[in-house]
Chemist: 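One structure coming up, written as structure tokens, with questions to follow.
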Amino acid sequence: MSEIKNKNLGEKLSKYFKLIVDMYIKTGEPVASKKLVAECGLNCSSATIRNMMASLEKIGFLEKQHVSGGRIPSTSGLEYYAKYLAYNAKDYFNQKLEDLLAKRRLSVDSTLDEAANIISKMAGFAVVATSNNQSETLKSIQLTPLNETSAVVVMVTSTGNVQNKLFTLDSSIEINDLKVAIRLFKERLIDTPLIELAQKAIALAPVFAQQVKNYEVIIQKFIKNIFHFEEKIETRSFNKNAIILKEDISREEIAKILELIENHSVWEAIENNLDEDNNLKLDFSRPNLSIISKRINFSNNENIKEISIVGPKNLDFNESFETLKILEDLIKDKK
């Protein structure tokens with residue numbers, strides 16, 4: 001994160017700086033001293049506010065876009081506001097989401113999608129859930145013979161996914177040998193990450209050689225057709241129009257951010273830590289865009305690894321932090 005000067009602004013300067021940023025978030029426009037006094041009902045003159053603004057501008061927390069206009073928060077100012085003034089999640093959305101989360105009338109994944117969709121549209125920003133299969137493991141493997149020449153291998157993963165893959169027998173493979181192979185895989189490969197199954201199967205060749213005829217053919221068929229899993233990143237995005245339809249964001253920048261959220265880890269693309277202990281990062285470096293991302297650690301091999309908020313420069317941080325909290329809690333409550 002860029003260096004934040006004068007971390008402790010003091011109670012008075014912090015109060016007015018928060019009011020300025022709050023108004024900027026609300027309106028998206030530069031904040032003028034007279035308007036701040038009027039809108040907030042302040043018991044001071046606009047000259048006092050101008051002095052406060054000058055002090056905040058001097059330390060780099062405010063900046064002017066035009067000589068005669070009001071002021072807007074700088075990147076450093078937004079970072080300070082997010083970390084020291086806004087990072088205190090409140091229950092903005094709980095009442096509206098109470099029915100959705102209590103009934104759990106759909107699958108939890110569908111409920112997560114519905115919740116993210118509701119929140120993103122209410123708050124006016126995009127929500128991105130990013131997952132990968134690095135920690136998804138094999139929990140069960142079974143064989144169901146169909147006829148003399150084919151059988152189905154059924155695999156259940158740690159995230160509850162069920163994989164049904166067809167195994168074709170030929171003259172060199174007997175069904176009993178295939179059953180023995182399944183038993184050995186069950187004994188040796190349970191709790192193995194899916195993306196490591198092929199490699200681990202090759203390592204079992206000495207064990208297979210003692211118990212399975214034509215074991216090389218069987219192992220190769222499993223590697224090619226059954227244990228073929230590649231590492232992949234998947235994203236689910238909600239309310240991308242909050243970015244696409246913003247007039248003050250260039251088409252080039254929109255293309256860049258859409259490519260990022262659709263094909264990459266947002267969390268890994270951000271260098272600035274907001275809260276290292278809670279795996280929170282933020283990025284104000286992009287023109288007219290703000291990004292907050294949270295890495296989520298699970299003990300149950302859940303595939304979803306991060307939730308990100310992408311919105312305008314005047315992103316409402318309280319709503320953003322509460323959104324991350326709600327969605328993380330929803331994922332962790334998965335039964």
Side-chain angles (χ1 to χ4, degrees), residues 107-110 112-113 128-236 259 262-269 295-306 331-332 334-335:
S107 70
V108 176
D109 281 341
S110 296
L112 172 66
D113 289 355
V128 184
T130 305
S131 63
N132 67 50
N133 63 342
Q134 283 183 320
S135 58
E136 188 172 6
T137 60
L138 180 68
K139 284 299 182 182
S140 173
I141 181 168
Q142 304 288 339
L143 182 71
T144 302
L146 298 178
N147 50 48
E148 294 182 354
T149 60
S150 63
V152 173
V153 178
V154 181
M155 294 180 291
V156 180
T157 75
S158 57
T159 61
N161 290 329
V162 179
Q163 299 273 341
N164 297 291
K165 297 196 176 184
L166 184 67
F167 188 100
T168 302
L169 291 84
D170 54 37
S171 58
S172 66
I173 302 174
E174 295 181 4
I175 189 65
N176 286 336
D177 288 324
L178 185 55
K179 290 179 179 179
V180 173
I182 292 293
R183 175 177 60 80
L184 292 174
F185 286 141
K186 190 180 300 184
E187 292 173 355
R188 305 299 180 100
L189 296 184
I190 296 301
D191 293 328
T192 297
L194 300 185
I195 60 177
E196 297 178 13
L197 285 176
Q199 180 182 352
K200 293 291 181 68
I202 294 174
L204 291 176
V207 178
F208 272 60
Q210 298 175 15
Q211 302 184 49
V212 181
K213 297 176 183 178
N214 292 322
Y215 68 93
E216 300 100 332
V217 177
I218 292 178
I219 289 177
Q220 286 303 314
K221 277 183 171 286
F222 268 88
I223 291 172
K224 183 177 180 180
N225 302 318
I226 310 299
F227 293 156
H228 183 65
F229 295 95
E230 296 179 349
E231 184 178 347
K232 59 183 178 180
I233 294 175
E234 294 182 348
T235 64
R236 291 167 10 219
E259 200 277 332
E262 290 172 358
N263 300 304
H264 303 280
S265 162
V266 177
W267 194 87
E268 290 182 358
R295 170 66 60 87
I296 305 173
N297 296 320
F298 294 96
S299 58
N300 61 350
N301 289 311
E302 171 59 48
N303 270 10
I304 294 176
K305 298 303 181 185
E306 62 190 67
I331 298 167
K332 287 188 172 180
K334 219 173 174 182
K335 303 297 183 181

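Only heavy atoms go into these numbers, but all of them, side chains included; no hydrogens, no water, no symmetry mates.
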Chemist: Using 0.5 Å steps for rounding, measure from the CD1 atom of I141 to the CD1 atom of I226.
Modeler: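 I141 CD1 to I226 CD1: 8.0 Å, rounded to 0.5 Å.
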
Chemist: Evaluate the side-chain proximity of M155 to L138: yes if any heavy-atom separation is below 4.5 Å, no if none is.
Modeler: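 Sidechains of M155 and L138: in contact.
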
Chemist: Are any of the side-chain heavy atoms of T168 and I173 separated by less than 4.5 Å?
Modeler: no

Chemist: Determine whether E136 and N161 make a side-chain contact, defined as any pair of heavy atoms from C-beta on separated by less than 4.5 Å.
Modeler: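 Touching, per the 4.5 Å side-chain cut-off.
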
Chemist: I'd like to know whether L143 forms a side chain to side chain contact (heavy atoms under 4.5 Å, CB included) with V152, so could you lay out the CA-CA distance, the side-chain angles of the two residues, the decisive distance to 0.1 Å, and finally the verdict.
Modeler: CA-CA 6 Å; L143 182 71; V152 173; over 6 Å; no

Chemist: Kindly indicate whether the side chain of T144, heavy atoms from C-beta on, has any atom under 4.5 Å from the side chain of V153.
Modeler: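 The answer is no; the side chains never approach within 4.5 Å.
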
Chemist: Are E262 and T235 linked by a side-chain donor-acceptor pair shorter than 3.5 Å?
Modeler: no

Chemist: Using a cut-off of 6.0 Å, state whether more than 12 heavy atoms not belonging to K213 lie near its atom NZ.
Modeler: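 For K213, atom NZ is not crowded (no more than 12 foreign heavy atoms under 6.0 Å).
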
Chemist: Using the side-chain contact (heavy atoms from CB on, under 4.5 Å) criterion, which residues pair with S172? Sequence neighbours excluded.
Modeler: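 With sequence neighbours excluded, S172 shows a side-chain contact (heavy atoms from CB on, under 4.5 Å) to D170, N214, V217, given in chain and number order.
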
Chemist: Taking the side chain from E306 and the backbone from T130, do they hold a donor-acceptor pair closer than 3.5 Å?
Modeler: no

Chemist: Side-chain polar contacts of residues 176-194 - donor-acceptor pairs under 3.5 angstrom, sequence neighbours left out - could you list them?
Modeler:
residue: R183; atom: NH1; partner: E187; partner atom: OE2; Å: 3.1
residue: R183; atom: NH2; partner: Q211; partner atom: OE1; Å: 2.9
residue: K186; atom: NZ; partner: Q142; partner atom: OE1; Å: 3.4
residue: D191; atom: OD1; partner: K139; partner atom: NZ; Å: 2.5
residue: T192; atom: OG1; partner: L189; partner atom: O; Å: 2.9

Chemist: Rounded to the nearest 0.5 Å, what's the gap from CZ on F227 to CD1 on I195? Could you check?
Modeler: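 Spacing of CZ (F227) from CD1 (I195) equals 14.5 Å.
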
Chemist: Of all residues at least two apart in sequence or in a different chain, which pass the side-chain contact (heavy atoms from CB on, under 4.5 Å) check with E230?
Modeler: H228

Chemist: Please report the shortest heavy-atom distance between A151 and L169, naming the atom on each side.
Modeler: N-CD1, 4.1 Å

Chemist: Once side-chain contact (heavy atoms from CB on, under 4.5 Å) is applied, do any residues pair with Q220, and if so which ones, sequence neighbours excluded?
Modeler: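 Counting only residues at least two positions away or on another chain, Q220 forms a side-chain contact (heavy atoms from CB on, under 4.5 Å) with I223.
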
Chemist: Report all side-chain donor-acceptor pairs from residues 196-209 shorter than 3.5 Å, counting only partners two or more places apart or in another chain.
Modeler:
none

Chemist: Sort and list the pairs that fulfil ring-ring contact (aromatic ring centres under 6.0 Å, His included) and have at least one residue in residues 138-183, not counting sequence neighbours.
Modeler: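 Residue pairs passing ring-ring contact (aromatic ring centres under 6.0 Å, His included), neighbours aside: F167-F222.
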
